[in-house]
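To keep things clear, I will list the structure first and then write my remarks on it.
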Amino acid sequence: MHKKLLRSILLVMSMLMASGCGIIDMIYLPPAEDTAQEIFEAANDAMSEKNYVRAVELYNKLHDTYPFSPYTIDAELSLGDAYFLDEEYELASESYKDFESLHPRHEAIPYVLYQTGMSLLKQFRSIDRATTELQEAYDYFNRLHQMYPDSPYAKGAEEHMITCRKLMAEHELYIADVFWHMKKYGPAWHRYEFIVKNFQDVPEVAEHAKEKSLAAYHYYKEEQAKETRQKRQGSWREWFKWL
């Protein structure tokens, strides 16, 4: 009888201890890490919900936690898309550039080149600003057009190349016009001539620049002639004073 009682007590104690360990584990042990697939799916869900900040966070987490996962490459590409859709164009262009650098033979490279160009193009604000991003965007679109002419993105790239060139020409025209309005006809003439020589593919701007170039040159020569006369008159005055 005593043996049965002792056996029952020991059994109850062992059950309580086992249960207690489970409770302790639940309280003190860290939760299990999300798998790469779970993080990737959560990031894609965030993209679907247009929560791009959350998507960026999760794509970066996947990259940092599971750098060799088969989901990581897709996450690196989607990271650029998340930045782009969130209108963070500078970060988007850098992400797309990183992807091309890491995976130069990936099948998505035509898309990556196109999106890099678009990210750079969208960084351009107005014709009174520098055109560095425009030129770089043009170069990416041109690469896509040259390397992947059969890509579904090639036609769009060609159209955006025209846009880039037009905006660059308008920027140069803006600067030339600033010199014109300041009556600095020499610099204005040189700038108009630069447009005529380098932007024949933007005929409406090139033709206007040609007309303004002729006028600027005329005024520039008049200024030079006036300065020459003034110098001569000044020399004669000095000579008469000496007499």
Side-chain angles (χ1 to χ4, degrees), residues 43-44 47-48 50-53 55-56 59 73-178 191-213:
N44 290 343
M47 286 284 280
S48 298
K50 298 184 179 181
N51 188 352
Y52 304 121
V53 173
V56 165
Y59 288 133
I73 294 178
D74 288 338
E76 290 169 346
L77 180 56
S78 296
L79 178 63
D81 292 340
Y83 281 132
F84 185 86
L85 292 169
D86 201 29
E87 299 182 2
E88 295 284 355
Y89 298 121
E90 186 174 350
L91 293 172
S93 63
E94 291 304 316
S95 294
Y96 290 129
K97 289 176 186 178
D98 289 344
F99 185 91
E100 185 194 1
S101 178
L102 291 169
H103 315 289
R105 293 183 177 84
H106 195 278
E107 63 182 3
I109 289 301
Y111 171 77
V112 170
L113 293 175
Y114 181 81
Q115 284 296 102
T116 306
M118 288 302 300
S119 300
L120 291 162
L121 176 57
K122 285 183 175 292
Q123 290 179 51
F124 181 72
R125 298 301 179 193
S126 62
I127 59 172
D128 62 333
R129 303 291 182 89
T131 59
T132 307
E133 290 84 7
L134 277 180
Q135 182 60 59
E136 194 177 0
Y138 177 89
D139 292 340
Y140 271 93
F141 290 133
N142 191 39
R143 279 180 58 202
L144 171 56
H145 186 259
Q146 295 293 328
M147 296 172 63
Y148 303 96
D150 298 325
S151 164
Y153 303 102
K155 182 174 177 57
E158 189 175 6
E159 292 172 355
H160 291 309
M161 286 167 65
I162 295 171
T163 299
C164 289
R165 290 290 293 171
K166 184 178 180 182
L167 290 171
M168 285 189 281
E170 289 175 351
H171 169 75
E172 294 297 331
L173 185 62
Y174 169 81
I175 294 174
D177 286 342
V178 168
R191 207 80 186 201
Y192 289 130
E193 281 294 294
F194 175 83
I195 297 168
V196 173
K197 291 177 182 177
N198 292 279
F199 291 95
Q200 286 295 316
D201 56 325
V202 191
E204 64 274 20
V205 176
E207 285 300 316
H208 177 69
K210 186 176 181 179
E211 293 176 4
K212 294 296 289 284
S213 173

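Computed from a predicted structure; not experimentally measured.
A distance of 4.0 Å separates OG of Ser78 from OH of Tyr59, quoted to the nearest 0.5 Å. Distance check, rounded to the nearest 0.5 Å: CD of Glu100 to CD of Glu76 gives 13.5 Å. In this structure, Asp98 CG and Thr116 OG1 are separated by 10.0 Å, a value rounded to the nearest 0.5 Å. One distance of note links CG of Leu85 with CE of Met47; it measures 5.0 Å at 0.5 Å rounding. Put simply, CD on Gln135 and CG on Asp139 are 4.5 Å apart, with the number rounded to the nearest 0.5 Å. Atom-to-atom distance recorded for Met147:CE and Asn142:CG is 11.0 Å, nearest 0.5 angstrom.
With contacts defined as side-chain heavy-atom distances shorter than 4.5 Å, the pair Tyr192/Leu173 qualifies. Counting only heavy atoms from C-beta outward, the side chains of Leu79 and Tyr83 approach each other to under 4.5 Å. Taking 4.5 Å as the limit, every side-chain heavy atom of Leu167 sits out of range of all side-chain heavy atoms of Thr131. By the 4.5 Å heavy-atom criterion applied to side chains, Gln115 and Tyr153 are not counted as neighbours. In this structure the side chain of Val202 never reaches within 4.5 angstrom of the side chain of Glu170, judged on heavy atoms. Counting only heavy atoms from C-beta outward, the side chains of Phe99 and His106 approach each other to under 4.5 Å. The side-chain heavy atoms of Tyr52 and Glu87, taken from C-beta on, include no pair separated by under 4.5 Å. Side-chain contact check for Asp177 versus Lys212: some heavy-atom pair is nearer than 4.5 Å.
Ring orientation note: the planes of Tyr114 and His160 are tilted relative to one another, at an angle of 30° to 60°.
The two residues Ala176 and Ile195 make their nearest non-hydrogen contact at CB-CD1, 4.5 Å. Of all the heavy atoms in Cys164 and Leu134, the pair that sits closest is SG-O, 3.9 Å. Considering all non-hydrogen atoms of both residues, Pro110 and Ser151 come closest at CB-OG, 3.6 Å. Shortest non-hydrogen contact noted between Ala82 and Ala55 is CB-CB, 4.4 Å. Pairing each heavy atom of Val196 with each of Ala206, the nearest pair is CG2-O, 3.8 Å.
Exactly one residue among Arg191, Arg165, Lys197, Lys166 makes a salt bridge (charged side-chain N to carboxylate O under 4.0 Å, His left out) with Glu172. That residue is Arg191.
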task = Using the salt bridge (Lys or Arg N to Asp or Glu O under 4.0 Å) rule, take Glu94 and Lys97 through it: C-alpha gap first, then chi angles, then the decisive distance, then the call.
result = CA-CA 5 Å; Glu94 291 304 316; Lys97 289 176 186 178; 3.8 Å; yes
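Partners of Phe124 by ring-ring contact (aromatic ring centres under 6.0 Å, His included), not counting sequence neighbours: none found.
The local environment of CD in Gln200 is crowded, with over 12 non-hydrogen atoms from other residues, nucleotides or ligands closer than 6.0 Å.
Side-chain contact of Asp81 with Tyr96: a donor-acceptor pair under 3.5 Å is present, judged by distance alone.
Here the side chain of His145 pairs no donor or acceptor atom with the backbone of Ala154 at under 3.5 angstrom.
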